[in-house]
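We number each residue from 1, following the sequence as shown.
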Amino acid sequence: MRIETIKSDGVAHLSYMVIDGNAAAVIDPRRDVDVYLQVARREGANITHVFETHRNEDYVVGSRSLAAVTGAEVLHGRGGQVDHARPVEEGESFDIGKARLTVLETPGHTFDSISLTLADRNFSEAPVAVFTGDTLFIGDVGRTDFYPDRREEMAEKLYDSLFGKLLPLGDGVQLYPAHGAGSVCGGGMAEREFSTLGYERRFNPRLQLERDAFIRAKSGEHHYQPPYFRHMEALNDRGVEPDALPRPAALPPGPFGERRDEGLTVLDLRTPEAFCGAHIPGSLSMPTAVAPGYIGWLVSYETPLGLVLDDDADLDRALRELYRLGYDRVEAYLTPGMTAWEASGADYGVVPTVSAATLKQRYAQGDDFLLLDVRAIDEYEAGHLPDATHIYLGHLADRLEELPRDVPIVTFCGSGKRAAVAASLLKRHGFEQVENCLGSMAACQAVGCRIVD
């Protein structure tokens with residue numbers, strides 16, 4: 001018996017395979033399901049069951065595709081309305097060889113949330129591990145804000161799920177959540193990907209709170225809900241049929257530029273440093289590290305996309321990460337990259353960069369500029385530079401009219417990545433005096449900028 005963890009970077013998604021003998025189950029599969037088929041072939045196993053721990057909002061689930069290929073049954077909590085799955089309820093068990101997966105109804109993140117205990121029947125019916133979906137993470141617990149008018153009710157349900165269902169399973173039970181650090185589904189997840197219920201009971205900050213304090217804390221949390229969440233929910237309710245990754249055309253600078261002029265939106269997936277040094281005019285910077293959290297705010301699903309990459313070898317990974325977010329209209333990519341664009345004689349844009357030391361000096365000199373801080377509100381309130389203008393990056397496109405066009409604007413975030421996205425957005429909308437503070441808050445802390453709260 002073994003557990004195989006499949007990690008999807010970007011969305012920080014964790015899916016799992018439970019394998020025993022020639023039987024296997026998949027928990028919370030991603031859209032590109034080839035990885036599960038490869039593991040099953042390697043292990044000589046048949047995928048017989050596919051479980052969804054809840055309706056996902058942040059990525060496209062591959063359950064329907066996997067079932068179509070394998071004939072597996074898809075199972076989902078009874079609190080949801082999912083067309084492609086059979087609803088399950090508390091206590092239902094499923095045997096995967098000598099492994100047994102048993103359903104616990106654990107609402108709170110969503111009404112349909114379930115967890116799955118894993119028993120090794122060679123030794124005992126007692127659980128050795130539990131798959132908790134978005135109910136319990138390593139270092140955090142699930143969001144409860146998807147029903148804004150029922151925040152307290154959902155917080156109460158989550159508390160009862162945690163303290164009435166999960167923690168009583170036993171301190172030694174291993175924990176397998178559906179997300180890790182970097183996910184938009186939580187704010188304080190640990191970087192490690194292993195834990196036990198006992199460790200979380202003792203050290204997870206949210207699990208140290210008494211019931212009333214827990215409910216107040218969860219009800220008062222602030223989370224952003226990107227517009228693409230609704231699109232994900234609709235896709236995952238009906239299930240996505242089997243399909244293939246997009247096959248974009250490899251275009252040299254001339255044809256790529258023509259497609260841009262015809263309406264292709266150019267996504268520049270390179271580093272902020274590369275984008276600021278030279279980029280195709282009108283392109284949108286979208287470093288791969290931040291794309292999953294912000295592309296859904298800024299790019300329509302109907303928009304045809306053309307990619308600019310650091311290396312053509314990065315194409316497959318980029319396509320997969322966009323595909324998992326539901327972006328299927330990737331029609332072209334620039335080859336062999338920005339070097340060819342520059343060598344073609346085509347015009348290119350730049351974004352001047354500002355070091356934290358220079359920024360500190362500008363403050364000391366009283367220079368006239370606007371610092372645009374695009375971090376999340378909790379980051380901003382924890383400490384920001386004096387007189388900064390705060391507009392969350394996801395809201396920036398709708399608030400551009402609030403910004404002046406007659407003074408330099410320095411974009412600012414935690415490290416410079418989100419600031420590069422903001423700078424590119426401003427440039428796309430005709431702002432001429434735009435600079436990016438590379439390093440941003442991390443660099444400012446290192447050089448001793450004045451920080452206020």
Side-chain angles (χ1 to χ4, degrees), residues 1-9 11-20 25 27-28 51 53-54 56 58 90 99-110 113-144 154-218 221 223 378:
M1 184 185 304
R2 61 190 300 269
I3 297 172
E4 181 94 9
T5 302
I6 291 91
K7 182 178 180 180
S8 302
D9 292 325
V11 290
H13 166 233
L14 300 170
S15 58
Y16 303 96
M17 293 185 70
V18 175
I19 306 162
D20 191 61
I27 300 168
D28 290 327
F51 295 91
T53 58
H54 62 293
N56 283 276
D58 58 317
E90 181 90 11
R100 174 166 289 171
L101 290 168
T102 301
V103 175
L104 291 179
E105 294 181 347
T106 50
H109 173 64
T110 60
S113 291
I114 61 171
S115 298
L116 298 161
T117 63
L118 172 65
D120 180 355
R121 293 186 297 132
N122 288 302
F123 295 91
S124 171
E125 296 290 336
V128 66
V130 61
F131 302 91
T132 56
D134 281 17
T135 299
L136 175 61
F137 299 122
I138 297 174
D140 199 3
V141 299
R143 293 174 60 166
T144 56
M154 299 309 289
E156 290 175 357
K157 287 182 180 296
L158 183 64
Y159 183 92
D160 292 339
S161 293
L162 292 166
F163 288 89
K165 297 281 186 74
L166 292 176
L167 295 183
L169 294 174
D171 282 357
V173 173
Q174 298 174 58
L175 171 62
Y176 293 95
H179 288 286
S183 168
V184 296
C185 295
M189 298 182 207
E191 293 288 342
R192 57 192 158 80
E193 296 174 4
F194 53 90
S195 193
T196 63
L197 292 182
Y199 191 91
E200 295 305 307
R201 181 180 58 79
R202 292 180 62 192
F203 300 112
N204 187 314
R206 289 303 191 195
L207 300 184
Q208 310 313 304
L209 300 176
E210 297 295 333
R211 182 185 180 88
D212 289 347
F214 179 94
I215 293 169
R216 284 196 303 272
K218 292 301 294 180
E221 279 183 345
H223 293 283
D378 55 342

State, to 0.1 Å, how close [X] and [Y] come at their nearest heavy-atom pair, and which atoms those are.
| X | Y | answer |
| --- | --- | --- |
| Ala181 | Ala190 | CB-O, 3.4 Å |
| Leu158 | Gly142 | CD2-O, 3.4 Å |
| Asp140 | Arg206 | OD1-CG, 3.8 Å |
| Leu175 | Glu200 | CD2-CG, 3.7 Å |
| His179 | Val11 | ND1-O, 3.5 Å |

Legend entry - Whether Phe163 and Tyr159 hold their rings parallel, tilted or perpendicular, with breakpoints at 30° and 60°: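 Correct class here is parallel.
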Legend entry - Verdict with reasoning, Asp134 to Thr53, per side chain to side chain contact (heavy atoms under 4.5 Å, CB included): CA-CA 8 Å; Asp134 281 17; Thr53 58; 5.6 Å; no
Legend entry - Lys157 and His109, any side-chain heavy atoms less than 4.5 Å apart: no
Legend entry - Partner set under salt bridge (charged side-chain N to carboxylate O under 4.0 Å, His left out) for Asp378, not counting sequence neighbours: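 Salt bridge (charged side-chain N to carboxylate O under 4.0 Å, His left out) list for Asp378, sorted by chain: empty.
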Legend entry - Test item: side-chain donor near acceptor, Thr106 and Ser115, under 3.5 Å: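 A pair is found: one side chain offers a donor N or O, the other an acceptor, under 3.5 Å apart.
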Inset, instruction - First locate atom CZ of Phe123, then atom CE of Met1, and finally report the distance between them rounded to the nearest 0.5 Å. - result: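 Here the interatomic distance stands at 9.0 Å.
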Inset, instruction - Please list, chain by chain and in numerical order, all residues satisfying side chain to side chain contact (heavy atoms under 4.5 Å, CB included) with Asn122, sequence neighbours excluded. - result: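 Result, side chain to side chain contact (heavy atoms under 4.5 Å, CB included) vs Asn122: Lys98, Asp120.
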Inset, instruction - Please determine if Arg100 and Glu125 form a salt bridge, counting it only when a charged side-chain N lies under 4.0 Å from a carboxylate O. - result: yes
